[in-house]
Number of protein chains: 2
Amino acid sequence: MRFSSPLGRQEGRGAALRRRPGQLIIVGFAGAIAVGTLLLLLPIAASSAPASFMEALFTATSAVCVTGLIVTDTPVFWSGFGEAVILVLIQLGGLGVMTVASLLGVLVSRRLDLSSRLVAAESTRTVGLGDVRQMLVRVVILAAVVETAVALVLAVRFAVAYDEPLGRAVWHGVFHSISAYNNAGFALFSLSLIDFVADPWICVPICIATILGGLGLPVVLEVLRERRRPGRWSVHTKITLLMTALLLAGGTLFFLVAEWDNPATMGTLDTGGRILASFTQSAQARTAGYNSVSTGDMHTETWLGTVILMFIGGGSAGTAGGIKVTTFAVLAVVIWSELRGDPDATVFDRRISPATQRQALTMALLAVAIVVLPTLWMTALSPFTVDQILFEVTSAFTTTGLSTGITAQLAWYHQLALVALMFIGRLGPVTLGTALALRASRRLYRLPESAPIIG
Amino acid sequence: MRFSSPLGRQEGRGAALRRRPGQLIIVGFAGAIAVGTLLLLLPIAASSAPASFMEALFTATSAVCVTGLIVTDTPVFWSGFGEAVILVLIQLGGLGVMTVASLLGVLVSRRLDLSSRLVAAESTRTVGLGDVRQMLVRVVILAAVVETAVALVLAVRFAVAYDEPLGRAVWHGVFHSISAYNNAGFALFSLSLIDFVADPWICVPICIATILGGLGLPVVLEVLRERRRPGRWSVHTKITLLMTALLLAGGTLFFLVAEWDNPATMGTLDTGGRILASFTQSAQARTAGYNSVSTGDMHTETWLGTVILMFIGGGSAGTAGGIKVTTFAVLAVVIWSELRGDPDATVFDRRISPATQRQALTMALLAVAIVVLPTLWMTALSPFTVDQILFEVTSAFTTTGLSTGITAQLAWYHQLALVALMFIGRLGPVTLGTALALRASRRLYRLPESAPIIG
Ligand SMILES: [K+]
Ligand SMILES: [K+]
């Protein structure tokens, strides 16, 4: 896959990123996972016996791909050094994908501008080192602001309400804030957030960090820049914000209805507690992966609903996974327009280009195949039920990290499959989406049309 | 939904069909189900105690919608009269949907011709009584030829190899031939075809009838008409034949691999028997619904693979259900073209029109929703596992009729849901597909384009 035009081939600093950003991010992530695996293999990283190769590889991949699936109990198995390694990998992975995806988004929009204006200025066809620096600065500042604010609130709460010593409270605040903003979902509590299910001072800040990280950089930057003129927001930003609100509300309602009476999850809470727990699950399912009620004890139908939320995921060029809310929205708009009889699919007074429609279709159906086929294979060769396997596979591919509890018990080759799914799920959509959008090839002649019967 | 242009409003014989064929077929099917229910409620229809309302309604719907799901054991529960009523309902339902779908196909292709030639001749905008007569004659002749031939082979085999008295052998031959050609899957053996799993003289003729009925009338007629000039076949015919061959072969391979060692299904057969059993399952899963091995004893992953085959279904304007092989192929071609970077989706040297692409997308994703949402609801409110429910719901919606064995044990409201799914699955795709294809509305102005980030 090539991302620059054949004309833009001068070598020099930043040439690699200009030429093949998709390849660069894949190599970068693989490198980070390799280094992380080595560090986690060190005896100093574990609190008692050192990690096995699979434990280290799985944990490093899960951290770099900001997934949060685990084969070991994070606070019990890893030492403080191990936890710090995991935290650094999360921060690198989350901000790395955010930066590269945003740069790729810039590249795509420049290319689209270019083709619509029929101009061929060299400067608009690549992203240069200046762009990279500027984007990194924005990514880091935004992360620093959000993570610091949330870490502060959490640290105070841990210290005041839970009597944690100051150092421990700060470490817990920092770790969970970073893990939340990067949508990683790693926790330093063996039960994730279950002990805090009814505590809004823990759950709400974590959900806010989750949502902000998951919206994606382009949306956050545009809202900040044009905060007084929402009318000027791009269609992408409007769709992302609207879908996020709808999915948060719809997900909350779904969990409330599905788990209202389940004593093993939220059945013993009061109404306020149930609403908070449902909201937290809704926010975390796309795709941060903390849980404040026991995922393994949910009903099967709740798992299926969660699978749908995980699959949709969050915003583009953020730390969330899944097919992305814009992909889902584009498909919904196309279907709605088709049912209404509109020849154009329109949303917020804009036509969705046929190319974008095809990209969304390709992304969604490939994602379905990537979830369904491993589910078939793993169901055939494991003692677990298909709903457990489907949940785990979707969680890995969408880098959500929620678990019915079977990941640690899977055979090594199935754990390896989850490692591959996390990697593909983290980098596949962004590199594929960019590659499709950047395609500029045109046929020299067009074939006659045909309309086979549908349905 | 209106199917004729506002200009074509002269009243008279056949005006209803000219104006609202979609409504007509829905009313016709509902009427046939109502009459069938009443007939099956008669004491004479049952072999001992008369049927309950739900038993009669479910069986009548399953027969008219050529599904084959059952809540009673057909040969045990129903009398000879009851079986005859079921057979008539199957023949009416199968040939009815084949005729109307073919007429709608004619209407669509005339309309497409019309708009591409920019002509407005009145005669090309509707289907008249002459068309209806001509189509009915073709449908009936084709059915009579195939059904008679297959019935003969089956009757001889039942008489010679299984020592059935002549009258009984003929009745078995006729019943299963009609049930197979119409893709209904009703059997007069409590174990469906399990006792004949290794008998090619039973399984192969039934599969041939199944496949011919499932190809769809437009394909069969075109192949017969142009049998010496395959180069002149339409894209629709080429896609249908190619996909049917690929899915038959792929399905056979899948069942062989998935069930090779399962002693409860085909593990005790020799290699030839396993291949025949796998081929039969592959042919029956899209969407005739006979089974020569025990569906309930298959592995979960085999169920999932069967769900995919059922979902794809057979050819358009035939007796098969599902989203149809052309819909599936169009989506596959669009994705493949997108991945290759072609701005056009092309197949057999023809571009697939953007309108057809959108229709395929709409059909497939609506079908996913219609399967997934009832699965969620029924899983929540029944003691059965999600894979059993998913299988049963897909089987009903695609009018396949294969069963894990739970249908008879479902609560009445879930059986009612299956009744609704059979009805929607039988008539939804053809009426929706036609309605979408006939849409001629055009926007007077076009909005500016927008390309939200995908992935
Ligand atoms: K996650
Ligand atoms: K059937």
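All values reported here derive from a predicted model rather than from experimental measurement. Letters A, B, ... are given to chains in the order of the sequence lines, protein chains preceding strands, and every chain is numbered from 1. What you see below is based on every heavy atom in this structure, not just the backbone, and it leaves out hydrogens, waters and symmetry mates.
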Worksheet entry | B/L339 vs A/L432 side-chain heavy atoms within contact, under 4.5 Å | yes

Fill in: A/L376 versus B/E301, closest heavy-atom pair with distance
CD2-O, 3.0 Å

Discussion item. Just verifying a value: how many Å separate B/E338 CD and A/M363 CE, rounded to the nearest 0.5 Å?
Written reply: 9.5 Å

Fill in: Segment of A/I308 engaging chain B (4.5 angstrom heavy-atom cut-off)
side chain

Worksheet item: Relative to chain A, which of B/L361, B/T300, B/T237 shows the most heavy atom pairs under 4.5 Å?
Response: B/L361

Worksheet item: Atom CD1 in A/I335, atom CD in B/Q359: separation rounded to 0.5 Å?
Response: 13.0 Å

Item to complete: Measure A/V325 against the heavy atoms of chain B and call it side chain, backbone, both or neither at under 4.5 Å.
Response: neither

Discussion item. If I take atom CH2 from residue A/W336 and atom OG1 from residue B/T362, how far apart are they, to the nearest 0.5 angstrom?
Written reply: 12.0 Å

Discussion item. Among A/L366, A/T240, A/T302, A/L304, which residue has the highest count of heavy-atom pairs closer than 4.5 Å to chain B?
Written reply: A/L304

Worksheet item: Mind checking whether A/D387 and B/T385 have side chains closer than 4.5 Å, heavy atoms only?
Response: no

Discussion item. Does A/F311 have more than 12 heavy atoms from other residues, nucleotides or ligands lying within 6.0 Å of its CZ?
Written reply: yes

